[in-house]
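Quick caveat: nothing in here was measured; it's all calculated off a predicted structure.
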Amino acid sequence: MKWLLILSAGLYLFGAFRRPFFAAGLAAGAAYLAVRGIELGRLPLVGPHDTLVFFSVSIGLMALPFLLSPALRQQSFFSWGMGCAAALFGLMALLFPSFAMPLPPVLRTLWFELHVALAFFSYALFAIGAVLGGIFLAGGERRILDLQYRAALVGYTFFSASMVSGGIWGYFAWGTYWLWTPKEFWTSILWIFYTFWLHLRLRGTGGDKALAWSGIVGFAVALFTYLGVSILMKSSHSF
C-alpha cells in the first residue's frame, strides 16, 4: 500500500496549482494511515516510517483551514510550500521499513497516543508558521504575520497539551513525570522558545521581520527536537 504515499506526495505537489489536489493528497495519506492502523490494530505512531507519515498527514490537515483563508487565496507560495513539506516527509517515510511488531507494555496507553499525536499537530502548525514567515518576508503583508501568530499560538497550545499528556504517560511508565532525557531537554527548549516568541509578538516589542524570522527558526528547533535528537542522541524517546 506504499503506492498511496507516492500518490499522496504527487497530489500535494499538484496542490500548488489546484487546491483540490492538496485535499486529495491529504486523503491519500490519511488512507495509508488508516490501512496501517487496521493492520497494526492501533494508531501507527512508533518508528521513523510511521511517524514521518503521521507528520506528513498532520501538515496537510493543519494547512487545510489556512488554504481557505481569504488572506492566502492569492498566495500560491503557501500551498506550494505546504505541499512540498507534506510530500517531502511522506516520501522520507519510504526510506525506512514499516514494522508490524507489537507495542511494548510501556506504550500501550491512551496517554502515549495522545502525547505523540498532539506533538505532531503542533510541529505541523510550527511548519505553517515558518512558511507564513517566509511569505511575510517576501511581501510584507501584515495580515500574513497575524496568521503566523495564530498558527504558532494553536501549535503552542497543542504542544503544551502534549507535554502534559507525556508527563502523565511518563509517570505510569517510569514512575516520574520528567526524566531530563535529550528529547525532554529539547522539548523544554522548544516550549520556552515559543513562550517567549508569543509573548514578544503579543506585546509588539519586536520588529516584524525579526518575529517572522524567529517563527522560521522555531520550526528548525522543532525539526531538531523531532529528528535531530532521535538520529544524533541516545534517548528513551528515540525511534
Side-chain angles (χ1 to χ4, degrees), residues 1-2 4-6 8-9 12 25-63 82-128 130 155 158-159 161-163 165-167 169-170 173 179 181-187 189-191 218-239:
M1 295 297 288
K2 290 184 179 179
L4 278 171
L5 289 181
I6 299 173
S8 174
Y12 275 132
L26 171 60
Y32 179 80
L33 274 183
V35 171
R36 280 285 291 162
I38 293 171
E39 175 187 316
L40 297 171
R42 57 174 171 81
L43 282 177
L45 295 173
V46 178
H49 176 81
D50 288 339
T51 57
L52 283 166
V53 175
F54 195 87
F55 190 21
S56 173
V57 172
S58 297
I59 290 173
L61 181 64
M62 295 296 121
M82 299 316 305
C84 284
L88 172 64
F89 290 110
L91 292 175
M92 282 178 62
L94 296 174
L95 300 176
F96 299 92
S98 54
F99 298 112
M101 63 184 66
L103 282 179
V106 72
L107 301 182
R108 295 175 192 167
T109 169
L110 175 64
W111 294 111
F112 166 74
E113 294 178 341
L114 187 63
H115 165 63
V116 176
L118 288 172
F120 280 110
F121 290 160
S122 65
Y123 293 160
L125 285 159
F126 295 153
I128 291 170
F158 280 142
F159 195 68
S162 172
M163 292 179 70
S165 57
W169 163 52
L179 288 173
T181 63
K183 178 72 80 171
E184 287 166 307
F185 176 72
W186 276 94
T187 293
I189 289 177
L190 180 61
W191 187 83
F219 178 58
V221 176
L223 273 183
F224 186 82
T225 302
Y226 166 40
L227 291 173
V229 173
S230 294
I231 294 172
L232 302 175
M233 304 178 188
K234 291 183 178 180
S235 170
S236 58
H237 282 75
S238 298
F239 296 135

Hey, can you tell me if Phe159 and Tyr123 have their rings parallel, tilted or perpendicular (30° and 60° cut-offs)? tilted
Geometric class of the Tyr226/Phe55 ring pair [parallel <30°, tilted 30-60°, perpendicular >60°]: perpendicular
Minimum side-chain heavy-atom gap [X]-[Y] below 4.5 Å:
X: Phe224; Y: Ile231; value: no
X: Leu40; Y: Asp50; value: yes
X: Leu5; Y: Val53; value: yes
X: Tyr12; Y: Leu26; value: yes
X: Thr225; Y: Ile189; value: no
X: Glu113; Y: Arg42; value: yes
X: Phe120; Y: Ser162; value: no
X: Phe121; Y: Phe54; value: yes

Taking every non-hydrogen atom, the tightest pair across [X] and [Y]:
X: Ser165; Y: His115; result: OG-CA, 3.2 Å
X: Met92; Y: Leu227; result: CE-CD1, 4.3 Å
X: Ser56; Y: Gly90; result: CB-N, 3.6 Å

From CA spacing to verdict: side-chain contact (heavy atoms from CB on, under 4.5 Å), Leu190, Trp186: CA-CA 6 Å; Leu190 180 61; Trp186 276 94; over 6 Å; no
Donor-acceptor check, side chain of [X] to backbone of [Y], threshold 3.5 angstrom: yes or no?
X: His49; Y: Ala93; result: yes
X: Ser58; Y: Ala124; result: no
X: Ser122; Y: Ala119; result: yes

Check the pair Thr187, Glu184 against side chain to side chain donor-acceptor pair (under 3.5 Å), reporting the backbone distance first and the verdict last. CA-CA 5 Å; Thr187 293; Glu184 287 166 307; over 6 Å; no
Between Val116 and Val46, is the side-chain contact (heavy atoms from CB on, under 4.5 Å) condition met? List the steps. CA-CA 9 Å; Val116 176; Val46 178; over 6 Å; no
